[in-house]
Amino acid sequence: MRIRMLISAAVATISLLAIAAGSALAHKHPSRGGHCGVSINVVPRLIVAGEPVVIWGRLRCANQANAAGREVRLFHHLIGEGGGFSFVQSATTNSAGFYLISPADGVVETNRAWYVRALSARSAAKRIRVAAAVTLSGPTEGQLLTGYPNRVTFTGTVSPADAGARVVLQRQNASTGSDWRHIGSGFVTSSGTFTIVHTFVVPGDANVRVLVRSQRRNIPSSSNVLGYVISQAENPQLTIQASADPIAFGESVTISGKLGGGANQPVTLLARGRHQHGFAHIAQTTTNGSGEYSFPAQSPINNTFYRVTSASQASAVLYEGVKDVLSAQVSATTVPAGGIVTFTGAVSPDHTGHAIYLERKGADGDFHVIEVGEVGAGSAYSISRGLYAPGVQVLRVFVPGGPENQGAASQPFAITVTPAPASTLTEEPQESASFPQEGQS
């Protein structure tokens with residue numbers, strides 16, 4: 001009898017060791033007596049407020065038949081708020097012990113941590129980081145003028161509302177689309193809005209966004225990007241204007257204007273790029289009997305400064321923006337939950353090494369960044385994202401502008417995510433989740 005008891009104990013010990021070895025990272029607190037353990041997986045780990053979250057895992061027991069049909073209870077803790085964990089919702093395991101909660105925890109808007117309990121077992125806690133959904137509005141994208149009389153007002157919303165959080169207005173300062181510089185600031189009101197008034201002083205590109213410095217409830221959160229070209233206020237004695245501003249790469253623009261009291265006078269068109277230190281003469285023409293002039297169409301590759309001179313006058317500096325041209329294709333428009341969609345395409349002109357964003361349309365109707373990639377060799381790109389919550393998600397690709405060119409967005413793609421069993425789901429790769437850099441604030 002004693003030999004049989006020893007053999008039974010040894011077999012039970014080996015069974016429990018096999019369970020522990022197969023899920024060493026998944027279980028924190030096994031059930032009393034060590035007979036069961038439960039795992040938890042959370043995806044995505046980095047989201048924008050309102051993006052659905054999926055939680056799944058498996059209950060494993062020494063006698064696996066005991067894991068079927070069991071209640072799994074989900075608990076959460078809101079980071080940055082007082083109190084501990086509280087119950088959220090529950091699910092039931094299938095015949096193999098798997099459970100699935102999709103979407104989990106309703107509308108997730110703030111940083112939080114979760115764990116689950118099943119029988120007497122408790123999982124480890126898993127955290128996710130949540131960016132606020134930040135929307136920036138301002139003048140219609142295009143040309144703005146320098147000087148205090150031409151100051152502009154930017155407004156926006158922050159969801160969830162984070163009253164008192166600092167809002168930093170930033171301007172892109174690098175050709176790679178990843179260097180943001182502080183040019184103004186404000187604060188979030190109790191209703192989740194903000195207002196920032198700014199005066200542009202120097203002609204040039206102005207690709208702007210805001211970064212919200214949350215008070216622990218969210219990670220630092222960036223808005224959409226607005227693209228402007230800043231030109232000097234007009235000299236009424238020698239005006240200058242563009243037929244379109246900005247233009248897309250490959251398009252042409254006509255520079256024209258009027259010389260006051262300057263009928264039949266020669267005028268010269270000058271231009272310089274970002275890396276040139278002085279203006280170069282590129283064309284000459286003669287005004288008509290009313291002093292009006294028009295130069296042959298120009299086709300700049302990058303953002304370009306233009307100026308016109310006569311014998312006695314110089315026009316203001318006109319900054320002509322050149323928008324990128326972006327192509328995009330998606331690997332599939334229907335995927336099972338946990339499936340990966342990959343967007344590929346190219347950017348013109350060459351933007352090798354430039355940041356590129358994958359954006360998702362939120363409940364607020366605006367697009368928010370959910371993944372950051374980099375344009376590769378030959379100005380081609382590939383950017384991927386795993387989609388987990390069943391339903392339709394609308395995604396697009398966006399290349400942020402900079403001193404070289406204005407940004408561009410692809411057409412939106414509607415991706416249908418179909419339900420899939422928990423047993424087929426996998427965790428995100430550790431390196432997959434990234435958001436835009438914070439920049440200077």
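For reference, positions follow the sequence shown, starting with 1.
- Every side chain to side chain contact (heavy atoms under 4.5 Å, CB included) that Pro44 has, sequence neighbours left out, goes to Ile47, Glu51, Arg385, Glu428.
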Side-chain polar contacts of residues 330-347 - donor-acceptor pairs under 3.5 angstrom, sequence neighbours left out - could you list them?
{"unit_1": "Ser331", "atom_1": "OG", "unit_2": "Thr342", "atom_2": "N", "d": "2.9"}
{"unit_1": "Thr342", "atom_1": "OG1", "unit_2": "Ser384", "atom_2": "OG", "d": "2.8"}

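- The minimum heavy-atom distance between Asp245 and Gln143, with the atom names listed, is OD2-NE2, 2.8 Å.
- The backbone N or O of Asn405 lies less than 3.5 Å from no partner atom in the side chain of Asn302, so there is not a single donor-acceptor pair.
- Side-chain atoms of Gln406 never come within 3.5 Å of backbone atoms of Gly401 as a donor-acceptor pair (strictly under, hydrogens ignored).
- Minimum heavy-atom separation, Ile282 to Tyr306: CD1-CE2, 3.9 Å.
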From CA spacing to verdict: side-chain contact (heavy atoms from CB on, under 4.5 Å), Val53, Asp105: CA-CA 8 Å; Val53 174; Asp105 211 354; over 6 Å; no
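- Taking each heavy atom of Leu136 and Arg209 in turn, the nearest pair found is CD2-CA, 3.7 Å.
- Taking 4.5 Å as the limit, some side-chain heavy atom of Trp114 sits within range of a side-chain heavy atom of Ile40.
- By the 4.5 Å heavy-atom criterion applied to side chains, Tyr381 and Val397 are counted as neighbours.
- Two residues are said to be in side-chain contact when any heavy atoms from C-beta on lie closer than 4.5 Å; Val43 and Leu425 fail this criterion.
- You'll find the side chain of Pro400 reaches within 4.5 Å of the side chain of Tyr357, heavy atoms only.
- Remark: side-chain polar atoms of Thr352 are paired, donor with acceptor, to backbone N or O of Gly376 under 3.5 angstrom.
- Residues that satisfy the salt bridge (charged side-chain N to carboxylate O under 4.0 Å, His left out) test with Arg272, not counting sequence neighbours, are absent from this structure.
- Note that OH of Tyr293 and OG of Ser256 are 6.5 Å apart. Values are rounded to the nearest 0.5 Å.
- Ile255 CD1 to Leu270 CG: the interatomic distance, rounded to the nearest 0.5 Å, is 12.0 Å.
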Worked check of side-chain contact (heavy atoms from CB on, under 4.5 Å) between Thr268 and Arg307: CA-CA 8 Å; Thr268 302; Arg307 179 169 234 171; over 6 Å; no
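- Annotation: side chain to side chain donor-acceptor pair (under 3.5 Å) contacts involving residues 155-165, sequence neighbours excluded, comprise Asp162-Ser214, Asp162-Gln215.
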Enumerate, atom names and distances included, each donor-acceptor pair closer than 3.5 Å involving a side-chain atom of residues 96-104, sequence neighbours excluded.
{"unit_1": "Tyr99", "atom_1": "OH", "unit_2": "Ser39", "atom_2": "O", "d": "2.7"}

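- With sequence neighbours excluded, the residues forming a side chain to side chain contact (heavy atoms under 4.5 Å, CB included) with Ser191 are Thr189, Thr193, listed by chain and number.
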Intermediate values then yes/no, side-chain contact (heavy atoms from CB on, under 4.5 Å), Ser86 and His76: CA-CA 6 Å; Ser86 58; His76 77 187; 3.4 Å; yes
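- Atoms NZ and CD1, on Lys361 and Ile370 in that order, are 14.0 Å from each other to the nearest 0.5 Å.
- Remark: Lys323 NZ is packed, more than 12 non-hydrogen atoms of other residues, nucleotides or ligands lying under 6.0 Å away.
- Using a 4.5 Å heavy-atom cutoff, the side chains of Asn224 and Phe398 are not in contact.
- Two residues are said to be in side-chain contact when any heavy atoms from C-beta on lie closer than 4.5 Å; Thr93 and Arg58 fail this criterion.
- Between the His281 side chain and the Ala283 main chain, no donor and acceptor come within less than 3.5 Å of each other.
- To the nearest 0.5 Å, the span separating CG on Leu145 from OG1 on Thr199 amounts to 12.0 Å.
- Checked by atom type and distance alone, the side chain of Asn173 never pairs as donor or acceptor with a backbone atom of Trp180 at under 3.5 Å.
- Checked against side-chain hydrogen bond (donor to acceptor under 3.5 Å, both in side chains), Glu427 has the following partners two or more places apart in sequence or in another chain: Lys126.
- The aromatic rings of His354 and His351 sit parallel to each other, their planes meeting at less than 30°, with 60° as the upper class boundary.
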Using atom types as modelled, flag every donor-acceptor pair under 3.5 Å from a side chain in residues 312-321 to any protein atom, sequence neighbours excluded.
{"unit_1": "Gln313", "atom_1": "OE1", "unit_2": "Asn235", "atom_2": "ND2", "d": "3.1"}
{"unit_1": "Ser315", "atom_1": "OG", "unit_2": "Val308", "atom_2": "N", "d": "2.9"}
{"unit_1": "Ser315", "atom_1": "OG", "unit_2": "Val308", "atom_2": "O", "d": "3.4"}
{"unit_1": "Tyr319", "atom_1": "OH", "unit_2": "Asp205", "atom_2": "N", "d": "3.4"}
{"unit_1": "Tyr319", "atom_1": "OH", "unit_2": "Asn303", "atom_2": "ND2", "d": "3.2"}

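- In terms of modelled atom types and a separation under 3.5 Å, the side chain of Ser123 and the main chain of Val116 share a donor-acceptor contact.
- Residues meeting the side chain to side chain contact (heavy atoms under 4.5 Å, CB included) test with Ile301, sequence neighbours left out: Phe249, Pro349.
- Checked for salt-bridge contact, Arg213 and Glu438 meet the test: a charged N lies under 4.0 Å from a carboxylate O.
- Summarising the local packing, CZ of Phe87 is surrounded by more than 12 heavy atoms from other residues, nucleotides or ligands at distances under 6.0 Å.
- Residues that satisfy the side-chain hydrogen bond (donor to acceptor under 3.5 Å, both in side chains) test with Trp56, not counting sequence neighbours, are absent from this structure.
- A pairwise comparison of heavy atoms in Val267 and Thr287 identifies CG1-CG2, 4.0 Å as the closest pair.
- Looking only at side-chain heavy atoms (C-beta outward), Glu109 and Pro160 come within less than 4.5 Å of each other.
- Residues passing the side chain to side chain contact (heavy atoms under 4.5 Å, CB included) test with Arg117, sequence neighbours excluded: Phe75, Tyr115, Arg122.
- With Thr254 contributing its side chain and Ser243 its backbone, the two residues share no donor-acceptor pair below 3.5 Å.
- Rounding to the nearest 0.5 angstrom, the gap separating the OG atom in Ser221 from the CG atom in Leu211 is 7.0 Å.
- Rounding to the nearest 0.5 Å gives a distance of 10.0 Å between OG1 of Thr416 and CD of Gln393.
- The shortest heavy-atom contact between Val72 and Ala118 is CG2-CB, 4.0 Å.
- The shortest side-chain heavy-atom distance between Val212 and Val167 falls under the 4.5 Å cut-off.
- Not a single side-chain hydrogen bond (donor to acceptor under 3.5 Å, both in side chains) links Gln298 to another residue, sequence neighbours left out.
- When all heavy atoms are compared, the tightest approach of Arg151 to Val197 is CD-CG1, 4.1 Å.
- Between the Asp364 side chain and the Asp366 main chain, a donor and an acceptor come within less than 3.5 Å of each other.
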Val202/Ile230 under side-chain contact (heavy atoms from CB on, under 4.5 Å): CA gap, chis, key distance, verdict: CA-CA 7 Å; Val202 179; Ile230 313 300; over 6 Å; no
